Participant: 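One structure, pasted below without further comment.
Since this is a predicted model, take the numbers as computed values, not measurements. Each chain gets a letter, A, B and so on, in the order its sequence line appears, and its residues count up from 1.
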Amino acid sequence: MEAFRVMVRARTLEDKLANLYKAGGRLVGGVYLGKGQEAYSAALGIQLRWQHDILGPFIRDQAARIAFGEPPLDPMRTYFGSVRGPMRGRDGNVHRGRPKDGLPAMISHIGSMVSLVSGMLFARRMQGRLGDAVGAVTLGEGGTSTGAFHEGVNLAAVEKLPLIIAVTNNQYSYSTSNDRQFACSDLAERAKGYGIQGRNVDGTDLIQCVQAFDEVVRAARSGSGPQLIIGHTLRLTGHGEHDDSSYIPESVKKSPIGRDCMLIAEQQILEHAWMNDKEIAEWKNTCRADVERMVATAMKEPAPDPFKEPWRALSTSELCEGQWTV
Amino acid sequence: MEAFRVMVRARTLEDKLANLYKAGGRLVGGVYLGKGQEAYSAALGIQLRWQHDILGPFIRDQAARIAFGEPPLDPMRTYFGSVRGPMRGRDGNVHRGRPKDGLPAMISHIGSMVSLVSGMLFARRMQGRLGDAVGAVTLGEGGTSTGAFHEGVNLAAVEKLPLIIAVTNNQYSYSTSNDRQFACSDLAERAKGYGIQGRNVDGTDLIQCVQAFDEVVRAARSGSGPQLIIGHTLRLTGHGEHDDSSYIPESVKKSPIGRDCMLIAEQQILEHAWMNDKEIAEWKNTCRADVERMVATAMKEPAPDPFKEPWRALSTSELCEGQWTV
Amino acid sequence: MSLTYLEAIREAQYEALRRNPDVFIYGQDIGQFGGAFKATKGLMNEFPGRVLDAPISEDAMVGLAIGAAIEGSRPIVEMQFADFSSVGFNQIVNQAATLYWRTDVPCPITIRLPSGGTAGSGPFHSQSMESIYAHYPGLVIVCPATVEDAYWMLLDSVELDDPVIFCEHKFLYYHLKADSFGERDLPIGRARIARPGRDATVVTYSAMVHEAVRAADELQQDGYQVEVVDLRSVKPMDVDTILASVARTGRLLALGESFPWGGVTAEVVARVVTDGFHLLDAPPMRLNSKDTPIPYHTQLWKAHRPTVATVTDALRRLLRY
Amino acid sequence: MSLTYLEAIREAQYEALRRNPDVFIYGQDIGQFGGAFKATKGLMNEFPGRVLDAPISEDAMVGLAIGAAIEGSRPIVEMQFADFSSVGFNQIVNQAATLYWRTDVPCPITIRLPSGGTAGSGPFHSQSMESIYAHYPGLVIVCPATVEDAYWMLLDSVELDDPVIFCEHKFLYYHLKADSFGERDLPIGRARIARPGRDATVVTYSAMVHEAVRAADELQQDGYQVEVVDLRSVKPMDVDTILASVARTGRLLALGESFPWGGVTAEVVARVVTDGFHLLDAPPMRLNSKDTPIPYHTQLWKAHRPTVATVTDALRRLLRY
Ligand SMILES: Cc1ncc(C[n+]2csc(CCOP(=O)(O)OP(=O)(O)O)c2C)c(N)n1
Ligand SMILES: Cc1ncc(C[n+]2csc(CCOP(=O)(O)OP(=O)(O)O)c2C)c(N)n1
Ligand SMILES: [Mg+2]
Ligand SMILES: [Mg+2]
């Protein structure tokens, strides 16, 4: 099953990133992982076609990126700051993207990508080449408190764009628990207030996630307008790898929301006999080997050379001022 | 009936402002009126006590201001730019206020006052002197599209503040009709998404408005948290007096939403025999005479003198830089 | 025939829409209504589906435009007033301005900011934000002072592959008239000698060009020839033209309407003295608005901004030095 | 005992909370967690109900603080990174900055901006926004460069009746240490001679003070005495102290970490040349970051910002002039 394979790939990659971070020294900057969110993220990603649909991922969407078709070396290259990566060392880690292929490169300011992805869809429709393409943008539940989120969702609703707004309610926004973030009992109810469709799904359950995104993306493709979906899970890692998330109480970790979607997915795969133990083990080995190869490649690649950098922020080079200071 | 008296006062004042604007020359800047919204605005205002509650009015709340207790000369003084007005000619028309009396002076950026009024309530509660005070903030339906509105309402909900968010859906945001502003059928449904209470009311019907605000303000006072209320009406004037609102189709003007709340209120007052024809006529005369007196006073008052202006933007005068340019 | 600065903006948008099907305009009340200042009057009917009313969502308006630019469109965003772009600030400076540098994908958007003071408009309908946006790498900031520049620079802006902050001055909308739009001569990035002179240089832009020219006219009666340089774009800034002028005159007044701390006049003075210190025969001078919000009352407003009188006064001191 | 710059910020907040019950702190993850940088560690427990976690709503966070200030509170708002204040920009520059001038009601809020570059942080976690906020009337902008200033200037900021943008430099958080917080000496608005000299003046602030001092140390080996002026607050700017230094040295380098167009270095140079032109024996110089977003990769980042090496280099040219 495609989504499960993606999950394993994502988890393997991210475990490696976590180790590299802990080992210190080689990666540039911080590491942000999607552990515990792979089922939800993969289930979204497998619905999207590279260079046809659009994905505006949040920081925990390694799985969706893989499923969507992000070039496999992009993450490691970006984390290592390789000049051969899509960001060429200029920006890093989860900020990578390939806008022309439908994968915009997120800026940090949460919520900002909602209107941007909407604009991509909007332009394609205006240009008459939207076809059945959809766009998806993902956020955490904390991101729903931003004005940018609100303006973006409302605008997409007014324009009736085929936009999937996939929120992961992982119970925490960095250290902040939901009772300090919003006061409603069901974030999916916000959909009604925008005049769009909304639903919830158990983000720890792969089968339910796949089912839900199948329906949601189908609805968007067929012209039902924006779709808000909330997946419920727990972040099984720190906000970033610098964070031990000790603020999450044991009781939450042990509650159903704290189940590891990987374990559940593996059970589901076995129960349905979509793969057997041996196949799973082989796939894990494949993923591990692939990841090691990526690390080996990305590590060897050259870092950006400040003397070769053009240091130009405009594409129109004649309008760039020289280094006029000093 | 208090609210009706307020409505007449507001309408009389605003008719005068419209005339002064049309006559040209004397008023500084533009004129923004609440014609058609007096019932809703007055019904809110009469629930609020000066120097006890808080009102963050939008541009069409002359009625709420009067009912709340804004000093009667404030509007004319501000429109004429008198130095004796609360804004001393520095800011004008609907931007006037007396923050220390519970009437903050709005900035133009729509939505910005929601969190500000929330902060006033928040501080009072923290200081232990909130008591049964409430805060109200008003906006047009167009204002609900701002990120500031969303962040402010959500924050008030998280803090469970006694905040009334009174939206006037007057069908237009300047020239923009609702179909380009939001896609939901009922803005009050947004309340659920914030975890607060929400309701609708016919803004052309004074009795219904009074009833609704009585309940809503009572709910806020008694600790039920933020209250969203949407009043439905039509703006019976231009966005500002420079605007002939020719974009509003006759069919809308003639539909039930286009009824003048003043006429309906007058009927209601007569039907209930709260006032008779003669009393109403007398009250109108009183209001007219009062308005003329205010105009006469404000007109005679001195304009701000640039040479006497301290030109200091900080209250700590020693930190103001001199006129260092040139 | 006489064409206003406002008509130039409308006509340039007409022309941009006509020339290139990828151009569209997005902003509040710009459709049927034609915009708060009528800068898009009639365009919705002439270009159906390409002139669209936006909700009151400046952040999302800019975000939408950036997304559309990624897909090959060339959006023009109208802010109802420059002042309200503060709500779209983040998308402008962090998303639009960084897109090309981060991803190699250009961001051809034009954000029109109806800027500057007019009588009775107060603190939130009068601001000039060019200095704010110019601080950020990745943006081009243009400030046309003439009907011709309003027309051609807007067309240039839409054709440029980079995000342009187009600061159009509301005071000039109706006041300024020309017989025709003239010809496309100077590109964005080049300043113009608005009035030649030999005794002192005023470097300025937008509405202040006209105050400076009138001040120069006044001083001519005293026998002084004051040169006025119209920057046209404040970023990039045409330092060569400025230095050439200062080389001729030996005296510099940097003049701007916006707030005094930092901004265009500081940048002008700093560039001249770092690159052309020895060209100066007298200390350079600056003139800006006062360091308070922009007042509502006309009396205060007139004293807050530089005017012919204060420019003339400053120039007299500079010339006498 | 050795105290860091970060501890100074924490201790100052502790002291502010202790002294005045009207003080409270509002920001994301500042409660139990103690803040992304631990600047509020433990404070929630020591001052229950006065250190509160905010939703991801920078606009509303600042709006709430302004409303609270109207009611007599003295809020401190922590932005998680200075860069994210772009989303609260409108409330800061249009609501907080104008409140006193418009209504006569002071607005005693302090907005803490964890500012400046550190390795590997990239374009959106590295910005220095002092120049942006300083452009607007009605704000006080402080940029402490030492542990002592971090402590006392934060206490001063909270006591001030006006909105203060408190730019604390993340690079200094752990690197900078002192034995004690010393004594309250200079008030906000006064610069300090961080290192005396007679041959050239470097005017700078925040983390760059240390690069400048190290450059000065290096040049001492060549026999040069470079004076370093630490601005401490960039608005108001202590022009008297700057001019007095330039009067001694005759040479000026204005140094800043933020983007090159406009900003502090332009303002410093412009003030010096307009008020003290004849004090200069050589053209003034400026050194800022490069005119691109702030790079992620350490190699690029080191080349993007000024460092001891580039400051030394600039000073050599200035001294040789
Ligand atoms: C506008 C803005 N404010 C603050 C931050 C800092 N920040 C980065 S991630 C984060 C928490 C996000 O929480 P949530 O949206 O729930 O996503 P999660 O990390 O749980 O997946 C915060 C506060 C930011 N990136 N943008
Ligand atoms: C952030 C922002 N954007 C744009 C404007 C310009 N503007 C002023 S009033 C208005 C329309 C408001 O419509 P609505 O909220 O429905 O209130 P109404 O005027 O109908 O009472 C607009 C767009 C503004 N004041 N603030
Ligand atoms: Mg979360
Ligand atoms: Mg309306």
Side-chain angles (χ1 to χ4, degrees), chain A residues 54 56 86-88 90-91 95-100 102 104-109 111-124 126-130 135 146-159 161 310-316 318-322 324-326, chain C residues 21-22 24 26 49-50 52-75 87-88 90-91 94-95 97-109 136-140 160-163 187-189 233 235-237 239 270-271 274-275:
Chain A
I54 298 166
M87 312 311 280
R88 300 156 293 160
R90 296 184 184 179
D91 204 346
H95 298 91
R96 68 189 183 272
R98 295 185 174 266
K100 284 291 183 194
M106 63 169 264
I107 66 168
S108 295
H109 299 71
S112 308
M113 304 309 286
V114 180
S115 58
L116 183 130
V117 172
S118 300
M120 293 174 74
L121 295 167
F122 181 90
R124 290 188 188 182
M126 186 177 279
Q127 294 162 9
R129 56 184 188 85
L130 179 60
T146 62
F149 170 82
H150 171 72
E151 293 192 1
V153 174
N154 183 60
L155 184 149
V158 168
E159 294 296 344
L161 295 169
W311 297 110
R312 293 201 280 107
L314 298 174
S315 78
T316 315
E318 63 272 25
L319 293 188
C320 293
E321 300 194 305
W324 69 82
T325 49
V326 173
Chain C
D22 291 330
F24 71 91
Y26 194 60
R50 291 170 60 199
L52 297 107
D53 283 339
I56 309 183
S57 302
E58 282 78 5
D59 182 279
M61 282 160 56
V62 179
L64 175 136
I66 300 165
I70 290 174
E71 294 292 321
S73 289
R74 310 186 81 84
V87 186
N90 179 58
Q91 294 279 9
N94 284 316
Q95 186 106 267
T98 67
L99 181 68
Y100 169 72
W101 184 80
R102 291 170 68 238
T103 69
D104 229 17
V105 176
C107 186
I109 71 175
Y136 284 88
L139 300 173
V140 173
L160 208 67
D161 269 347
D162 291 294
I188 288 177
S233 66
K235 188 169 184 188
M237 186 178 279
V239 180
R271 295 277 196 106
T274 49
D275 290 356

Participant: State, to 0.1 Å, how close P236(C) and G189(C) come at their nearest heavy-atom pair, and which atoms those are.
Facilitator: CG-CA, 3.9 Å
Participant: With a 4.5 angstrom heavy-atom cut-off, is it the side chain or the backbone of I188(C) that approaches chain A, or both, or neither?
Facilitator: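 Interface part for I188(C): both.
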Participant: Hey, does the side chain of Q127(A) reach the backbone of E71(C) with a donor-acceptor pair shorter than 3.5 angstrom?
Facilitator: yes
Participant: Are any side-chain N or O atoms of Q91(C) and backbone N or O atoms of S112(A), one a donor and one an acceptor, separated by less than 3.5 Å?
Facilitator: yes
Participant: Pick from V105(C), N90(C), D161(C): which one has the most heavy-atom pairs with chain A under 4.5 Å?
Facilitator: N90(C)
Participant: Give, as side chain, backbone, both or neither, the part of P86(A) having an atom under 4.5 angstrom from any heavy atom of chain C.
Facilitator: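 The backbone, not the side chain.
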Participant: Using heavy-atom distances under 4.5 Å, tell me whether L160(C) contacts chain A through its side chain, its backbone, both, or neither.
Facilitator: side chain
Participant: With respect to chain C, which residue among V114(A), D91(A), I54(A), I107(A) yields the maximal number of heavy-atom pairs within a distance under 4.5 Å?
Facilitator: I107(A)
Participant: In terms of heavy-atom proximity below 4.5 Å to chain A, should P55(C) be classed as side chain, backbone, both, or neither?
Facilitator: side chain
Participant: Give me the one residue out of R88(A), R90(A), H95(A) that meets side-chain contact (heavy atoms from CB on, under 4.5 Å) with R102(C).
Facilitator: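 The single option meeting the side-chain contact (heavy atoms from CB on, under 4.5 Å) with R102(C) is H95(A).
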Participant: Main chain of A69(C), side chain of S73(C): is a donor-acceptor contact present, judged purely on distance under 3.5 Å?
Facilitator: no
Participant: Among the options D104(C), L139(C), V239(C), T98(C), pick out the one with the most heavy-atom pairs lying under 4.5 Å from chain A.
Facilitator: D104(C)
Participant: Hey, does the side chain of S57(C) reach the backbone of A60(C) with a donor-acceptor pair shorter than 3.5 angstrom?
Facilitator: no
Participant: Counting only heavy atoms closer than 4.5 Å, note whether Q95(C) contacts chain A via side chain, backbone, both or neither.
Facilitator: both
Participant: Hey, does the side chain of D59(C) reach the backbone of G88(C) with a donor-acceptor pair shorter than 3.5 angstrom?
Facilitator: no
Participant: Determine whether a donor-acceptor pair (N or O, by modelled atom type, separation under 3.5 Å) exists between the side chain of T103(C) and the backbone of Y100(C).
Facilitator: no
Participant: Identify which part of R129(A) has an atom lying under 4.5 Å from any heavy atom of chain C, answering side chain, backbone, both or neither.
Facilitator: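 Side chain only.
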Participant: Where on M87(A) is there a heavy atom nearer than 4.5 Å to chain C: the side chain, the backbone, both, or neither?
Facilitator: both
Participant: Which one wins on heavy-atom pair count under 4.5 Å against chain C: A123(A), S115(A), G102(A), S118(A)?
Facilitator: S115(A)
Participant: What heavy-atom pair brings G135(A) and V117(A) nearest, and what distance separates the two atoms?
Facilitator: CA-CG1, 4.1 Å
Participant: What part of Y26(C) gets closer than 4.5 Å to chain A, counting heavy atoms only: side chain, backbone, both or neither?
Facilitator: side chain
Participant: If you tally heavy-atom pairs under 4.5 Å against chain C, which of L116(A), N154(A), L319(A) wins?
Facilitator: L116(A)
